[in-house]
There are 2 protein chains.
Amino acid sequence: MTIQYAILGLLSWRPSSGYELKKVFEDSTYLYWSGNNNQIYKSLLQLQKDGMIQYETIHQDGSPSKKIYSVTAKGMSELKEWIITAKEAPEFKKPFLIQLAWADMLSKEELAGLLTKYEKEIEGQLIQQKEKYDREKDWPNRSQRETFLWNMISVNLMSTYQSELTWVRKVRAQLARIEE
Amino acid sequence: MTIQYAILGLLSWRPSSGYELKKVFEDSTYLYWSGNNNQIYKSLLQLQKDGMIQYETIHQDGSPSKKIYSVTAKGMSELKEWIITAKEAPEFKKPFLIQLAWADMLSKEELAGLLTKYEKEIEGQLIQQKEKYDREKDWPNRSQRETFLWNMISVNLMSTYQSELTWVRKVRAQLARIEE
DNA sequence: TGTCTCATGTAAGGGGTTACATGATTCC
DNA sequence: GGAATCATGTAACCCCTTACATGAGACA
C-alpha cells in the first residue's frame with residue numbers, strides 16, 4: 001500500500017501539518033513508515049494535486065509558518081472506498097529466521113547466544129509497545145467503537161511480539177534438550 | 001538486510017544456478033523476496049566480484065548452459081560472521097491495522113465484512129504455510145540439528161499466522177457484543 | 001500453434017531511507 | 001556556545017518490483 005492512505009486517515013482524524021504527521025509516523029508501530037520528510041511532503045503535494053486534501057497557511061510569530069492540511073469530501077470518500085475494498089496481505093520479514101536457517105554451522109554456545117540475543121531484542125520491543133499503548137490511552141477518541149478498535153490495534157502488535165517471544169523460548173528449551 | 005546473505009546461505013547448503021535460486025525464493029515464505037531476476041542475477045555478479053562465490057559453467061545439450069555457483073572459503077566465513085553478529089529487528093507490516101484505525105466511519109455491516117474478509121485471508125495463508133511445511137519435510141537435511149532448526153522456522157511462520165487468526169476472531173466476537 | 005520449462009540477463013520506475021539545507025527561537 | 005524544537009523542502013541513493021528480451025526443446 002501507499003503511505004498516502006495512512007496520511008489521509010490521519011488527516012481525517014485531525015488536520016495537521018507535515019511536521020506533525022512526521023512525528024506521528026515516527027512513534028507509531030502500526031504506521032510502519034519511518035516518517036521521513038521526502039515521503040511526507042511529496043505525498044502531501046500529490047494528495048493536494050489530486051484534490052484529496054487542502055491546506056490553510058498559518059502564520060505564527062516566533063516560529064515558521066505552517067500548512068495545516070485537511071481532507072476534502074473527495075478525499076473522504078476515497079479513504080472510505082480504500083478501507084472497504086483494500087485487501088493487502090500482511091508482510092512478515094524476519095531476518096532472524098534466515099540466520100537460523102544456516103545456524104547449523106555454529107557451535108552449541110554460539111547458537112545459544114544467538115537465541116538469547118533474539119529473545120532479549122523481542123522482549124525490548126514488547127516493552128516499548130506496552131509503553132506506547134499506555135501513552136495512547138490518554139488520546140481523545142471520537143467514539144466508544146473507535147476506542148475499542150484502537151485498543152485492538154495495540155493488542156494485535158503486543159500479541160505478535162508475545163507470540164514471537166513464546167516461540168523463541170520454546171526453541172531454546174527444546175534445543176537444550178537436543179544438545180543434552 | 002540484503003538478499004545477498006540469503007543467497008550465500010542457500011549456496012552454502014547446495015550449489016545452484018540463478019534459475020534454481022529464483023524458484024527457491026518464489027516458494028519460500030521466510031526468504032521474503034519475490035525472487036525476481038534483476039535482484040538475483042545482479043547479486044550473484046556482485047558476490048562473485050567480492051570473492052564470496054565462484055561459478056562453473058555447465059554446458060548441456062537440449063537446454064541452455066548454466067552457471068552453477070558455490071561459496072568460497074571467504075564467503076563461508078563472511079556468512080558465519082553475519083549469522084553471529086547480525087541483529088536486525090523483525091518487520092511487521094499490516095495494512096489491515098491501518099484500515100481498522102479509520103474503520104469507525106463504516107457501518108456495523110461494513111466493519112463486520114472487513115473483519116470476515118481478513119479472517120478468511122489469514123486462514124488461507126495458514127493453510128498454504130502448512131502445505132509448504134509438508135513439502136519441506138522430505139528435503140534432505142545435513143544433521144538432526146538442522147532438521148530441528150528448519151522445523152522451528154516453519155513452526156514460527158505458522159504460529160505467526162495462528163496468532164493473527166486468534167486475534168481477528170477475538171475482535172469479531174468482542175465487537176459483536178459491543179454492537180448489541 | 002501456442003504455451004511451459006530451462007536459462008540468463010536488462011530497463012524502467014516506484015517506494016523508501018539517510019543526509020543535506022535553511023532559519024528563527026528556546027533552553028541548558 | 002551548542003543543542004533541541006519548530007517548520008518545509010531537496011538530493012542522492014538503495015532496494016525491490018514488473019515487464020521486456022532472447023532462444024531452444026517439449027508437450028498438448
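Lettering of chains follows the sequences in order, A, B, ..., and the numbering in each one begins at 1. All values below were derived from every heavy atom in this structure, side-chain atoms included, with hydrogens, water molecules and symmetry-related copies excluded.
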Within this structure, what is the [atom1]-to-[atom2] distance between [X] and [N], rounded to whole angstrom?
X: A:Tyr69; N: D:dA7; atom1: OH; atom2: C1'; answer: 12 Å
X: B:Ile58; N: C:dC6; atom1: CD1; atom2: C1'; answer: 15 Å
X: B:Asn37; N: D:dC15; atom1: CG; atom2: C1'; answer: 16 Å
X: A:His59; N: D:dC6; atom1: NE2; atom2: P; answer: 20 Å
X: B:Lys66; N: C:dG9; atom1: NZ; atom2: P; answer: 14 Å
X: B:Tyr55; N: C:dA7; atom1: OH; atom2: P; answer: 16 Å

Exercise. Looking at B:Ser17, does any N or O in its side chain come under 4.0 Å of the phosphate oxygens OP1/OP2 on C:dC6?
Worked result: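 So the side-chain polar atoms of B:Ser17 never come under 4.0 Å of the phosphate oxygens OP1 or OP2 of C:dC6.
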Exercise. Between A:Ser34 and C:dT17, is there a side-chain N or O to OP1/OP2 distance below 4.0 Å?
Worked result: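 Affirmative; the distance criterion is met.
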Exercise. What heavy-atom pair brings B:Leu114 and A:Ile83 nearest, and what distance separates the two atoms?
Worked result: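 Scanning both residues completely, I find the closest heavy atoms to be CD1-O, 3.2 Å.
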Seminar exercise, completed: Letter by letter from the 5' end, nucleotides 22-28 of chain C scores (B base, S sugar-phosphate only, - none; protein heavy atoms under 4.0 Å) -B-S---
Problem set entry | Those residues of residues 19-30 of chain A lying under 4.0 Å from DNA chain D by at least one heavy atom |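 Here the set is A:Tyr19, A:Lys23.
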Exercise. If you measure from CG on A:Leu126 to CD on A:Glu164, what distance do you get to the nearest 0.5 Å?
Worked result: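 Spacing of CG (A:Leu126) from CD (A:Glu164) equals 11.5 Å.
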Problem set entry | Point-to-point distance, once rounded to the nearest 0.5 Å, from CG of B:Leu8 to CH2 of B:Trp13 |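 If I round to the nearest 0.5 Å, the distance is 15.0 Å.
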Problem set entry | Note, B:Met76 side chain near B:Ser12 side chain (heavy atom, < 4.5 Å) | yes
Exercise. Is the shortest heavy-atom distance from the side chain of A:Leu21 to the side chain of A:Ser43 under 4.5 Å?
Worked result: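 With C-beta onward as the side chain, the pair stays apart.
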Exercise. Taking the inter-plane angle between the rings of A:Trp82 and A:Tyr5 on a 0 to 90° scale, is it parallel (under 30°), tilted (30 to 60°) or perpendicular (over 60°)?
Worked result: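 Answer is parallel, since the angle falls under 30°.
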Exercise. Sequence neighbours excluded, which residues qualify as salt bridge (charged side-chain N to carboxylate O under 4.0 Å, His left out) partners of A:Lys66?
Worked result: none
For this session: Would you check if the side chain of A:Trp150 reaches a backbone N or O of B:Ala101 as a donor-acceptor pair within less than 3.5 Å?
Result: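 Yes.
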For this session: Pull out every residue in residues 38-47 of chain A that has a heavy atom closer than 4.0 Å to any atom of DNA chain C, ordered by number, or say none.
Result: A:Asn38, A:Gln39
Problem set entry | Audit row: B:Glu119, B:Arg169, salt bridge (Lys or Arg N to Asp or Glu O under 4.0 Å) steps and yes/no | CA-CA 7 Å; B:Glu119 188 182 339; B:Arg169 284 173 182 160; 3.0 Å; yes
Could you go through residues 52-65 of chain B and list every donor-acceptor pair under 3.5 Å that involves a side-chain atom there, pairing it with any protein atom two or more places apart or in another chain?
from	atom 1	to	atom 2	distance (Å)
B:His59	ND1	B:Ser65	OG	3.0
B:Gln60	NE2	B:Pro64	O	2.7

Starting the side chain at C-beta, find the nucleotide from [options] nearest to [X].
X: A:Trp33; options: D:dG9, C:dT17, C:dT10; result: C:dT17
X: B:Ile3; options: D:dC16, C:dT17, D:dG9; result: D:dC16
X: B:Asn36; options: D:dC16, C:dT18, D:dT8; result: D:dC16

Problem set entry | Members besides B:Ile127 in its Ile/Leu/Val/Met/Phe/Trp/Tyr cluster (side-chain heavy atoms under 4.5 Å) |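 None; B:Ile127 is a cluster of one.
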